[in-house]
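One structure is given here, and the rest of the page talks about it.
Only heavy atoms go into these numbers, but all of them, side chains included; no hydrogens, no water, no symmetry mates. In the text below, chain A, chain B and the rest are named by the order of the sequence lines, each starting its count at 1.
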Amino acid sequence: MDEKRRDFLKITGACVLGVSLLPVLKASAAKQVAEKAEKGPAYKTNPKALHGKRWAMVVDVKRCQEQNKKGECRKCIEACHSLHNVPTIPNEKEIKWIWKDNFEHAFPGTAHEYVPEELKEGPFILLCNHCSNPACVRVCPTKATFQRADGIVMMDHHRCIGCRYCMAGCPFGARSFNWYDPKRYLSQFNYDYPIRRRGVVEKCTFCDERLAEGLLPACVEACPAKALIFGDLDDPSSEVRRILSKRLSLRRKLEVGTQPNVYYLV
Amino acid sequence: MKIYDAKPILIGLVIFIGFVSLPFWLNGGKASPPPDPKLDTPAIQILEKKECVASKDYMRKSHMVVLNDWRTQAVRNAKRYYVTAGGTTYPASLQRACMRCHSNKAQFCDTCHNYIGLAPYCWDCHLPPKQETAQATKK
């Protein structure tokens with residue numbers, strides 16, 4: 001009987017010791033992993049990379065209109081499309097990452113015949129809304145399109161099978177299908193960025209490759225009127241939050257419930 | 001044992017076997033030259049330490065595994081840089097890392113791929129350096 005009690009106490013002691021040693025072991029293991037990451041082989045990000053929790057864009061329509069009064073401005077579109085090797089296809093099978101449209105097309109349901117005359121023609125700069133509840137991601141059967149932790153709705157063209165469910169799912173028409181080999185419709189190439197192949201869907205990625213290097217999206221940088229503002233909605237001190245808290249903004253097709261992250265100041 | 005219509009059947013059989021084995025007769029005895037990937041691009045020549053992201057043996061057998069891992073890390077995990085075992089950092093990118101040194105796709109990648117009759121679809125989207133893309137589009 002006594003013997004058994006002794007054994008029980010020994011085992012209990014050993015267990016307590018083991019449990020109390022666990023954090024120490026974990027810490028040293030984490031240190032080893034960190035040291036290994038220093039030396040490699042390992043993957044890492046650029047230390048300058050921009051990190052956010054919910055990337056968003058604010059489009060100041062008034063500023064964009066004023067710039068367009070001086071002459072038609074397509075700087076954001078050109079910057080994006082030349083950087084990302086987006087082909088110019090002159091028919092309805094076009095590819096677009098960022099484009100212009102009028103009020104009625106940008107905000108169907110919101111538009112009525114008494115909308116201020118100066119707003120009717122816009123132009124409204126339209127692009128992928130990087131929704132918080134993206135319909136395209138829900139319907140993608142291969143997870144070729146997915147939502148990153150920072151809110152960006154990404155495309156992995158390696159996995160895209162071209163079923164176009166995402167295009168049916170997207171209420172904003174922000175996705176384009178490659179009906180042709182895009183090489184034929186590109187006059188010049190950016191050799192630091194891939195093109196796409198026939199049979200995949202593509203769209204704006206909020207310039208994830210530029211954010212990874214610590215740069216703002218190409219359209220934001222190219223806009224001469226500073227009408228595009230990019231930032232993290234999760235950060236209360238960010239410029240997008242400051243602007244949105246001061247001025248009334250619109251979002252496209254809120255009624256479909258995808259929670260778009262592109263805001264329009266009108 | 002008797003074969004009915006033996007004569008035409010045997011003649012037909014000989015012609016058939018001869019036709020099917022034609023490639024062996026035509027190329028018999030001639031070994032096609034083994035691939036000889038060229039490493040003498042200007043970018044490699046100015047390197048002090050001629051070293052790839054992993055050992056030559058590993059890269060020869062498993063470069064596709066490296067590229068797959070790079071793809072996953074860059075696209076899905078947003079980790080766009082790779083630190084080699086030696087401690088050098090490269091962008092995890094076919095166009096921004098591999099092709100910077102191996103700028104001679106036709107003399108490097110294609111030699112082995114053509115030898116084993118392989119057409120990797122990397123090149124559907126990823127652009128080889130400028131002069132080679134220009135040539136490919138002309139064709």
Side-chain angles (χ1 to χ4, degrees), chain A residues 35-52 55 84-85 143-152 154-160 178 181-200 202 205-214, chain B residues 43 51-55 58-59 62 64-100 102-103 105 119-139:
Chain A
E35 270 169 15
K36 206 183 159 218
E38 281 291 306
K39 274 202 83 182
Y43 297 91
K44 63 175 188 183
T45 51
N46 187 333
K48 281 189 280 181
L50 301 178
H51 297 286
W55 289 123
H84 298 120
N85 293 323
K143 295 199 174 162
T145 188
F146 60 99
Q147 195 178 28
R148 306 202 317 183
D150 60 1
I152 291 180
M154 259 296 269
M155 270 305 293
D156 183 351
H157 296 106
H158 304 92
R159 282 179 83 148
C160 180
N178 280 279
D181 180 8
K183 245 183 208 153
R184 285 163 47 201
Y185 294 92
L186 280 162
S187 50
Q188 51 187 350
F189 297 97
N190 169 17
Y191 290 93
D192 286 344
Y193 201 83
I195 56 170
R196 265 70 53 194
R197 64 185 296 191
R198 195 174 68 113
V200 297
E202 62 183 85
T205 64
F206 260 176
C207 282
D208 70 292
E209 84 286 359
R210 284 173 62 89
L211 298 177
E213 307 293 341
Chain B
E51 204 175 56
C52 198
V53 296
S55 73
Y58 181 77
M59 289 310 282
S62 309
M64 59 299 258
V65 177
V66 173
L67 288 171
N68 256 351
D69 287 349
W70 281 16
R71 188 264 317 270
T72 307
Q73 293 290 344
V75 180
R76 320 259 352 162
N77 303 339
K79 292 194 171 162
R80 290 183 171 266
Y81 286 88
Y82 178 72
V83 190
T84 66
T88 324
T89 306
Y90 290 94
S93 160
L94 177 64
Q95 279 169 253
R96 286 164 59 225
C98 307
M99 302 316 285
R100 287 283 197 270
H102 301 289
S103 53
K105 174 178 167 275
Y121 49 69
C122 311
W123 311 110
D124 287 359
C125 299
H126 293 278
L127 297 164
K130 201 167 185 174
Q131 59 283 13
E132 301 219 11
T133 310
Q135 278 169 11
T137 354
K138 257 183 215 164
K139 278 177 208 165

### Query
Hey, does P194(A) have a side-chain heavy atom less than 4.5 Å from the side chain of Q95(B)?
yes
### Query
How about Y191(A) and P129(B): do any of their side-chain heavy atoms sit closer than 4.5 Å?
no
Rounded to the nearest 0.5 Å, what's the gap from [atom1] on [X] to [atom2] on [Y]? Could you check?
X       : Y       : atom1 : atom2 : result
H126(B) : Y193(A) : NE2   : OH    : 10.0 Å
Q73(B)  : Y43(A)  : CD    : OH    : 5.5 Å
Y81(B)  : N46(A)  : OH    : CG    : 4.5 Å
L127(B) : K183(A) : CG    : NZ    : 6.5 Å

### Contact class of E213(A) relative to chain B, heavy atoms under 4.5 angstrom
side chain
### Query
With only heavy atoms counted, which part of N85(A) is less than 4.5 Å from chain B, the side chain, the backbone, both or neither?
side chain
For [X], is it the side chain, the backbone, both, or neither that has a heavy atom closer than 4.5 Å to a heavy atom of chain A?
X      : result
R71(B) : side chain
N77(B) : neither
R80(B) : both
T89(B) : side chain

Minimum heavy-atom distance [X]-[Y], with the two atoms named:
X       : Y      : value
D192(A) : R96(B) : O-CD, 3.6 Å
M155(A) : V75(B) : O-CG1, 3.9 Å
F146(A) : R76(B) : CD2-NH2, 3.2 Å

#### Entry: When R198(A), R159(A), R148(A) are compared by non-hydrogen pairs under 4.5 Å with chain B, the top option
R159(A)
